[in-house]
Number of protein chains: 2
Amino acid sequence: MASDSSTNLGVRVTIHEVARHAGVSIGTVSLALNGSPRCSAATAERVRAAAAALNYLPNHAAKSLRRQASETIALVIPDIGNPVYVAMAKAVQQVVKERHYHLSLISTDGYDQEEIHALETLTQRRVDGMILCSLRMTEPLAHSLQHASGPVCVIGGLAEIARVDNVQVNSEYGVRLAIDHLVAQGRKHIAFLNGPRNTVPAIVRGRGYLQALRQHGLDDRAHRLINTEFSVAGGYEGAMALLTKHPDIDALFCANDLIAIGAMKCLRELKRRAPDDVAVVGMDDIPEGLICTPSLTSVSLLARERGQIAAGMLLDRLTGGGNAEVNTVTVTPHLVVRESSTVGNPPGDLR
Amino acid sequence: MASDSSTNLGVRVTIHEVARHAGVSIGTVSLALNGSPRCSAATAERVRAAAAALNYLPNHAAKSLRRQASETIALVIPDIGNPVYVAMAKAVQQVVKERHYHLSLISTDGYDQEEIHALETLTQRRVDGMILCSLRMTEPLAHSLQHASGPVCVIGGLAEIARVDNVQVNSEYGVRLAIDHLVAQGRKHIAFLNGPRNTVPAIVRGRGYLQALRQHGLDDRAHRLINTEFSVAGGYEGAMALLTKHPDIDALFCANDLIAIGAMKCLRELKRRAPDDVAVVGMDDIPEGLICTPSLTSVSLLARERGQIAAGMLLDRLTGGGNAEVNTVTVTPHLVVRESSTVGNPPGDLR
DNA sequence: CTGTTAGCGCTTTCAG
DNA sequence: CTGAAAGCGCTAACAG
């Protein structure tokens with residue numbers, strides 16, 4: 001009754017108890033438990049048995065302090081409410097787990113300050129490395145990044161201003177795919193619901209949009225481009241503003257799927273049918289694109305893959321396999337055609 | 001060039017450098033930085049200045065090891081892909097932040113083992129306390145819980161088998177609200193798309209469903225009840241099975257909104273109109289309920305509020321304000337009526 | 001009010 | 001192959 005060997009009731013068991021129980025010194029326990037070869041198999045077995053019997057679990061703080069490593073990486077994302085980042089996080093989580101690390105997930109929810117703050121966790125040795133997915137790669141952030149006291153891998157963003165590992169997606173090409181598709185569907189007045197003006201993705205996508213219009217010989221005066229939040233509410237408001245100002249719009253290209261979903265809600269209220277009156281195309285290819293009516297055509301920016309690649313890259317660097325130079329990987333988006341952009345011949349495959 | 005005082009380039013600065021720089025001892029630095037009153041204001045200021053100049057950040061592992069506390073709590077949720085848990089996490093995050101703690105978010109994604117594993121982080125002193133939101137409160141889990149080496153607050157689940165702090169929602173009453181509403185809308189053949197048989201919420205909701213049917217004098221043989229996954233895919237498949245077997249069904253009550261969304265997708269494919277042919281009601285009141293067509297009537301189970309309450313309860317216990325006995329709070333759900341259940345008179349307010 | 005010192009639990013030399 | 005001992009960076013008791 002004094003002690004229940006199957007549990008540890010608040011009484012933390014340390015390496016010392018294990019040593020006593022196994023009749024060896026604490027140094028030997030450490031060697032045995034870490035699978036060092038400089039320890040006889042018999043002793044190792046005895047130590048493991050003692051540890052199991054006592055329900056021993058190593059104190060993480062002590063281990064970190066001594067090893068100068070926490071076996072944890074952080075993933076910093078802009079918004080955990082956006083399913084595309086959830087998908088990314090799941091991919092990272094999987095890799096991290098396979099390689100016996102831990103993941104600390106941080107959502108900055110639009111506060112730039114949080115990103116700098118997250119970088120501090122690196123210096124504080126709470127995490128060994130970090131995957132940073134930021135919408136606003138500002139100068140102070142780039143600077144903190146450059147001088148971070150541990151490896152960082154950036155997903156997206158302007159990695160040009162900070163020389164660090166990064167995985168990019170060719171989103172201008174993604175925009176191109178969407179516009180090409182809409183033109184092929186016979187659309188002439190293609191509007192663009194872009195993200196906030198001060199975000200890197202919005203800048204790149206806006207540029208791509210105008211370029212694509214030009215290449216198709218369409219009016220590229222950008223008068224059908226509007227900036228809004230990367231959210232359903234943003235899409236709704238942006239679409240409302242755009243459609244009331246330009247009733248001739250026959251296609252809405254949206255910088256992400258949340259915006260597209262908000263835009264479709266707006267269309268419904270305005271009694272304009274999608275895709276018949278207005279075709280809609282988003283970006284990110286989130287699962288929600290399948291549940292809305294009509295189902296949403298979208299450009300996949302391979303969030304899952306990027307997360308997976310970034311995690312591998314970071315862990316390689318952490319576990320010694322890393323090389324000296326800066327690594328860059330760029331993935332290529334692809335278009336997923338669904339109902340919201342194809343009148344008459346809806347694609348059969350909705351997954 | 002050898003040193004840039006505005007950053008620390010990989011060279012970790014410790015309390016010793018700060019002490020040297022400020023011309024005091026390390027003990028004094030510690031006192032000053034932790035705002036101890038036993039330290040003159042002038043010295044404190046000098047130390048703070050030195051720390052800032054050197055870009056000093058305390059080593060978290062060292063601090064944790066010494067203080068036996070990590071100033072971090074964990075939130076364990078079943079599925080980060082379910083927006084209701086994202087909402088809960090955001091609420092917890094906010095409270096945690098206000099009270100200057102850190103949050104470690106863990107998604108178990110259906111693996112029971114992960115929950116036990118998460119509890120180990122408590123013993124390993126990675127976290128000081130934990131909020132556990134589990135679908136399957138199994139015996140081994142309850143046991144680990146009971147003997148956890150730190151405070152745990154359970155959200156939902158069967159807290160009866162483990163005497164720990166908990167915040168509940170009266171979901172049987174929530175089910176009642178939904179069934180009452182459907183009956184009031186004139187529905188006679190109300191089916192129930194429940195969650196997996198071995199989960200606590202499904203057990204409770206299934207019981208509530210049958211009880212409510214009985215109270216309305218309806219057939220309570222449970223032949224229109226089916227168990228499926230708490231997901232869109234689960235809802236789709238479950239609805240397909242149910243509707244083909246029982247064509248007379250005129251209402252689908254779903255154990256959560258993901259199931260309801262999947263069910264609506266199924267209805268669309270079967271060319272059965274919602275709400276005209278089949279009314280649909282879900283539970284959780286996730287934002288996605290607003291983007292689907294028709295918008296989804298749902299029972300709010302107050303995930304945000306429960307997260308907020310649980311976080312407060314846990315932090316109170318951690319920061320000393322806690323009392324000895326086990327705390328229990330129960331919140332009361334409410335119905336949010338939208339289009340999917342009301343033919344003819346859609347409610348004006350869709351937010 | 002400030003300096004000195006022990007020690008949190010662990011890993012890792014260095015001896016034996 | 002195993003034991004002893006130092007020390008990671010910090011806090012908190014205890015002197016002064």
Side-chain angles (χ1 to χ4, degrees), chain A residues 8 11-48 50-51 54-72 120-126 128 149-150, chain B residues 8 10-48 50-51 54-71 120-126 128 149-150:
Chain A
N8 45 329
V11 188
R12 246 76 65 192
V13 19
T14 74
I15 208 171
H16 289 94
E17 279 96 283
V18 178
R20 216 161 31 75
H21 201 268
V24 295
S25 78
I26 61 162
T28 304
V29 172
S30 180
L31 292 179
L33 260 27
N34 291 303
S36 163
R38 351 192 272 94
C39 174
S40 79
T43 311
E45 188 41 55
R46 208 145 41 84
V47 170
R48 265 195 296 275
L54 296 171
N55 239 271
Y56 168 76
L57 286 175
N59 180 313
H60 178 253
K63 193 172 195 168
S64 294
L65 177 58
R66 181 61 230 234
R67 302 256 294 240
Q68 301 282 39
S70 62
E71 284 149 338
T72 302
E120 292 181 352
T121 63
L122 261 177
T123 305
Q124 290 182 139
R125 314 260 58 190
R126 281 160 172 272
D128 298 341
S149 54
Chain B
N8 46 330
V11 189
R12 247 75 66 191
V13 20
T14 75
I15 208 171
H16 289 95
E17 278 98 283
V18 178
R20 213 159 36 72
H21 201 268
V24 294
S25 77
I26 61 162
T28 304
V29 173
S30 181
L31 292 178
L33 260 27
N34 290 302
S36 163
R38 350 193 272 94
C39 173
S40 80
T43 312
E45 188 41 55
R46 207 146 39 84
V47 170
R48 264 195 297 274
L54 296 172
N55 239 270
Y56 168 76
L57 287 175
N59 180 313
H60 178 253
K63 192 172 196 166
S64 295
L65 178 58
R66 180 61 230 231
R67 302 256 296 241
Q68 301 282 39
S70 62
E71 283 149 338
E120 292 181 351
T121 64
L122 261 177
T123 305
Q124 291 181 137
R125 314 263 57 191
R126 281 160 172 272
D128 298 342
S149 53

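So you know, we letter chains A, B, ... as the sequences are listed, proteins then strands, and number each from 1. Because the structure is predicted, anything quoted here is derived from the model rather than measured. When reading the values below, keep in mind they use all heavy atoms of this one structure, side chains included, and skip hydrogens, waters and symmetry mates.
- Each of A:Ser30 and B:Ser25 was assigned the nucleotide of DNA chain C with the nearest heavy atom; the assignment lying further toward the 5' end belongs to B:Ser25.
- The NE2 atom of B:His16 sits 8 Å away from the P atom of D:dC10 (whole-angstrom rounding).
- Nearest to the side-chain atoms of B:Val24 among the listed nucleotides C:dG3, C:dT2, C:dC10 stands C:dG3.
- Between B:Ser70 atom OG and A:Arg126 atom CZ the span is 7.5 Å, to the nearest 0.5 Å.
- Residue A:Ser64 is classed as having no contact, given no heavy-atom separation below 4.0 Å to the nucleic acid.
- Here C:dG7 presents its C1' atom at 13 Å from CD1 of A:Ile26, a figure rounded to the nearest Å.
- Of the candidates D:dG3, D:dA6, C:dC1, D:dA6 carries the atom nearest the A:Arg66 side chain, counting heavy atoms from C-beta on.
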Heteroatom pairs (N/O) under 3.5 angstrom, protein to nucleotides 13-16 of chain D:
none

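- Listed nucleotides: D:dT11, C:dG9, C:dG3. Nearest to the side chain of B:Thr28: C:dG3.
- A donor-acceptor contact closer than 3.5 angstrom is absent between the side chains of A:Glu120 and A:Thr123.
- Relative to the side chain of A:Asn34, the nucleotides C:dC8, C:dT11, C:dC10 differ in distance, and C:dT11 lies closest.
- Side-chain proximity of B:Arg67 to the nucleotides D:dA12, D:dC1, C:dT11 is greatest for D:dA12.
- Listed candidates were D:dC10, D:dG3, D:dC1. Nearest to the side chain of B:Ala62 is D:dC10.
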